[in-house]
Structures are given as structure tokens and as C-alpha cells.
Amino acid sequence: MESIKEIFRIGIGPSSSHTMGPQKAATIFAERHKDASSFNVILYGSLAATGRGHMTDIAIEDVLRPIAPVQISWKPKTFLPFHPNGMKFVAYDIDGKPMDDWTVYSVGGGALSEGKGDDDYFRTKDVYPLNSLDEIKQWCDNTGCSYWEYVDIHEDDDINDYLLQIWQVMKDSVERGLNHEGVLPGPLHLPRKASTYNVKASGYRQSLQSRGLVYSYALAVSEENASGGVIVTAPTCGACGVVPAVLYHIYKSHNFSDNRIVRALATAGLFGSIVKKNASISGAEVGCQGEVGVACAMASAAACQIFGGSPAQIEYAAEMGLEHHLGMTCDPVCGLVQIPCIERNAFAATRALDAQLYASFSDGSHRVSFDRVVKVMKQTGHDLPSLYKETGEGGLAKGYSDK
């Protein structure tokens, strides 16, 4: 299993798979063909279906157009075999003849793949010897260590510094989002709500105030993402508000140290990596259960970790966080990461805290394991019709268009 650095990436919204991934691919292709006279980029499947709302074309053009003219071709009905988010880059010489072409896939969370297995350009080294939560939990039971210690043992020496940087960007995105007001970009004219929710929360008694603050933190980050601000994929841009909201709330209300938060992030990253390894974090592949559902599981595990949960309790909290998002569709209205994405982040953040609390009341014993839910999520995602997986053709998106 690869490093948790692949789960936590610093980038610009609104979409890790539709914006960050294509822009990264365009940058690589541009470096290879600085002498090109023109480019054609063909977007397939989900990238084409909701690409305009996610600003996929703009992300690509910003990189390639300084070199040569760019034509974007949209093929939303054509799905390449490896992944729904396929794209083909073609470079042409001065005579209009193809110099080179490259097919690549944006597989979620800003990651790219050529679909070539061990020979893939983007293959990263595996840093973890165990690939399932059951195996890792058994290791914890045998050693007396917790999940964050497993991460610390197997990652490079700079992992704590990296996670501290991730935490700082998460905090900054919350605080920027709370201070920004106005309308989000796009045809929905959706007003920002984080600042208002934060102010209103102060007028309620403490139990309701706490929930209102969590809402505001999740809204803040998700609204920053929707407006193209700097955020952290956790595990994706579309689900980037859940983990920061939960950890920021715990940090502010309980005065935990940055070191404790970093350890919780390590645990969250481990759970997210397990899902990425054994299923998917791509809404275009498995629906929103792979984005907001996984984010909720990560936040649940992090919260349970920081409040002293045992490995069994942490696993239980994460299992509930994912289980109760099974079947969630990815149906963004107008192809924008706004409706229903932003509200889903807010609700998933509070659900993560509920899962943590529920698990802490238990001894950690439960019938359905986290690994089992991951397998079910993968199968459920494959069973979902494509119109419910980031194509803008079904669910809440039906009747709207980003074209």
C-alpha cells in the first residue's frame, strides 16, 4: 500500500479528479512537447460529461495554451476501459501531423494512472506491507501500538513534517472560508453560508452551538474549494471539508496540541489509503460513497483516535462512517462541486463525530468489519448505473447542464 501522502495533497479546487488531475497531466505532456505547434485534448466519459462545470478545460488550457493553441474535444458517451475519467493528449507539428499521443486517467484524489500496472509511469512505491485493516488491527493488538504508530514506522522520516504542513493548510482553509462572503462562481449563484452559520452558532446553547460550528467549518472549506481556493484532498476535493471540520472543531474546543492532531491525521490517512487500495475514492467510479463516505470514515477514525479510542473502537467508528454512506450517488448539479456536495460535507462531519461517540460507548465489538464495508462499497459502486456516477445525467443533476 502506498504512502498516505497520496491521500493528502495540497491543491486548488474545485475537483481533484476533474481539475487537479487533468492539470497535472497537461503539465507533464507540456514538458515533453515544448516544440508542439498545436494540441488536441480529448476528454472521455465523466471528464467530458461534467468537465465544464469542474473547469477541466480551463485547467488544461492554462498549461498548454502558453505553448501552442489547444482544442478540447468532448466525448461524454465514450468510456475508456480502465477508468471513467479518461483523456488523450495529442501534440502536432508545424505541418499538422501528430507528433505524439498519450492516454492517461484521472483516478481520484488528484492521482493519475496510465492503466499499465507495474509499468505505469505513475506507479509509486509501496511503503506498507499490510493491505487490509484486519491485518493492521491484528498488528496493533500484537504490538500494543496504535494506527498512527504503524504509519510512523513505515513512512519516511519527514512524514510528521508533511502532516504538520497538511494540518496548517487545513486550518488556513477553514479560517479563510469563515471570513469570505458573497456568491460562489457558476450559474447556480449559490451564496456562501459558512460565515453566517459560524455567527449564528454562537447564539445557541452549547450542545447546538457545537454542531453549528462543525457545520460552519465544513462549509468554510467546501466553499473555498468550490471557489478554486487552496485546500487539502481528504481524500478528494469534493470531500475536502469533512476531515478539517472535525479536527478543527476538536482542536478549538479541546485545546489539543498540533502533535495530537498530526497523529489523528496519520490514522485518517491510513484508513483512506486502505479504501483507495482495495476499492476507490473516485466519484466517477463508485459514486459519492467513495468521496464523502470515505472522508467520513477518515474523520471518524481520526476523532476516535484523538479521544483515546482503542484500535477496535477506531475501526468501528470508521466502519460506521463508511457504512452509512453506502449507495450515495455522485450527481452534482450543473457539474459544479456545490449542490449537493457542500451540504454533504457538513452533514458527514457531524456524522463522523456521532460515529466516534457511538464507538466510544462500545467495547469495539461489532459484526461487520471495515474491510467488509470497503468490499461492499466497491461492489455497490460498480452496480450503480453510470448516470449516478459524476456524469450529470441522473439524480439531482437531471434536468440541469453544465454545457
Side-chain angles (χ1 to χ4, degrees), residues 1-9 16-17 81-85 105-113 115-118 120 122-140 147-148 150-151 154-155 233-236 238-239 242-243 266-302 311-312 314-328 330 352 355 366-384 389:
M1 192 166 66
E2 62 189 5
S3 170
I4 64 171
K5 293 177 182 179
E6 300 298 314
I7 285 287
F8 296 123
R9 300 170 185 260
S16 48
S17 61
F82 180 72
H83 193 278
N85 289 334
Y105 304 86
S106 184
V107 295
L112 296 170
S113 175
K116 296 180 179 179
D118 291 341
D120 202 296
F122 299 101
R123 179 171 172 77
T124 58
K125 68 175 183 178
D126 291 335
V127 301
Y128 294 102
L130 305 176
N131 294 321
S132 73
L133 203 283
D134 285 344
E135 293 174 311
I136 297 172
K137 184 159 71 71
Q138 185 62 55
W139 177 89
C140 291
Y147 297 113
W148 70 265
Y150 181 75
V151 171
H154 293 291
E155 291 279 355
T233 60
T236 64
V242 183
V243 174
T267 297
L270 185 63
F271 277 79
S273 293
I274 288 169
V275 180
K276 184 178 179 181
K277 172 69 176 179
N278 298 310
S280 175
I281 57 169
S282 169
E285 189 172 17
V286 295
C288 196
Q289 57 177 351
E291 297 199 36
V292 167
V294 175
C296 184
M298 292 169 63
S300 301
I314 295 169
E315 188 258 358
Y316 191 14
E319 182 272 329
M320 284 186 284
L322 183 55
E323 177 187 352
H324 299 301
H325 284 89
L326 288 176
M328 181 174 278
C330 183
H366 56 289
R367 295 290 183 90
V368 180
S369 70
F370 181 77
D371 287 332
R372 171 63 177 156
V373 174
V374 172
K375 291 178 182 177
V376 171
M377 187 205 79
K378 182 178 181 180
Q379 185 61 54
T380 302
H382 290 173
D383 291 341
L384 284 173
K389 292 187 287 188

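- The shortest distance between side-chain heavy atoms of Ser106 and Leu112 falls below 4.5 Å.
- Checked by atom type and distance alone, the side chain of Glu6 never pairs as donor or acceptor with a backbone atom of Ala111 at under 3.5 Å.
- The side chain to side chain donor-acceptor pair (under 3.5 Å) check on Tyr150 picks up nothing, with sequence neighbours excluded.
- Asp120 places a side-chain N or O within 3.5 Å of a backbone atom of Gly115 that can act as its donor or acceptor partner.
- Partners of Phe271 according to the ring pair (Phe, Tyr, Trp, His ring centres under 6.0 Å) rule, which considers only residues two or more places apart in sequence or in another chain, are Tyr147, Phe370.
- For the residue pair Ser3 and Ser273, the shortest heavy atom distance occurs at O-OG, 4.2 Å.
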*Check step by step if side chain to side chain contact (heavy atoms under 4.5 Å, CB included) holds for Ile4 and Glu155.*
CA-CA 8 Å; Ile4 64 171; Glu155 291 279 355; 3.5 Å; yes

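- Under the 4.5 Å side-chain criterion, counting only non-hydrogen atoms from C-beta, Trp148 is in contact with Thr267.
- In terms of heavy-atom proximity, Ala234 sits nearest to Ala295 at O-CB, 3.5 Å.
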*Run the numbers on Met377 and Val294 for side chain to side chain contact (heavy atoms under 4.5 Å, CB included), then give the verdict.*
CA-CA 10 Å; Met377 187 205 79; Val294 175; 4.2 Å; yes

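- Here the side chains of Val292 and His325 are in contact, with some heavy-atom distance below 4.5 Å.
- Side chain of Gln289 to main chain of Gly327: a donor-acceptor pair is present (N/O by atom type, distance under 3.5 Å, no hydrogens or angles).
- In this structure, the side chains of Leu270 and Tyr128 come closer than 4.5 Å at one or more pairs of heavy atoms.
- For Glu315, the side chain to side chain donor-acceptor pair (under 3.5 Å) criterion is met by His366, not counting sequence neighbours.
- Here the CG-CD distance, from Leu384 to Gln379, works out to 10.5 Å after rounding to the nearest 0.5 Å.
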Which atom pairs, one a donor and one an acceptor, fall under 3.5 Å between side chains of residues 317-324 and the rest of the protein, sequence neighbours left out?
none

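- Contact of the Ser113 side chain with the Phe82 side chain is registered, since non-hydrogen atoms from C-beta on lie closer than 4.5 Å.
- Between the side chain of Asp371 and the backbone N or O of Ser132, no donor-acceptor pair lies under 3.5 Å.
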Side chains of residues 275-288: which donor-acceptor partners sit under 3.5 Å, not counting sequence neighbours?
from: Lys276; atom 1: NZ; to: Glu2; atom 2: OE2; distance (Å): 3.0
from: Asn278; atom 1: ND2; to: Asn131; atom 2: O; distance (Å): 2.8
from: Asn278; atom 1: ND2; to: Ile274; atom 2: O; distance (Å): 3.1
from: Ser280; atom 1: OG; to: Ser282; atom 2: N; distance (Å): 3.0
from: Ser280; atom 1: OG; to: Glu285; atom 2: OE1; distance (Å): 2.8
from: Ser282; atom 1: OG; to: His83; atom 2: NE2; distance (Å): 3.3
from: Ser282; atom 1: OG; to: Ala284; atom 2: N; distance (Å): 3.3
from: Ser282; atom 1: OG; to: Glu285; atom 2: N; distance (Å): 3.4
from: Glu285; atom 1: OE1; to: His83; atom 2: NE2; distance (Å): 3.4

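- Contact annotation: the side chain of Leu130 never approaches that of Gln138 to less than 4.5 Å [non-hydrogen atoms, C-beta and beyond].
- With sequence neighbours excluded, no residue satisfies side chain to side chain donor-acceptor pair (under 3.5 Å) with Lys389.
- For the atom pair OG of Ser300 and CD1 of Ile314, the computed distance is 11.5 Å after rounding to the nearest 0.5 Å.
- The backbone N or O of Ile7 lies less than 3.5 Å from a partner atom in the side chain of Thr233, making a donor-acceptor pair.
- Heavy atoms of other residues, nucleotides or ligands lying less than 6.0 angstrom from CZ of Arg372 number 12 at most.
- Inter-residue side-chain proximity for His382 and Lys378 is flagged as met; some heavy-atom pair is nearer than 4.5 Å.
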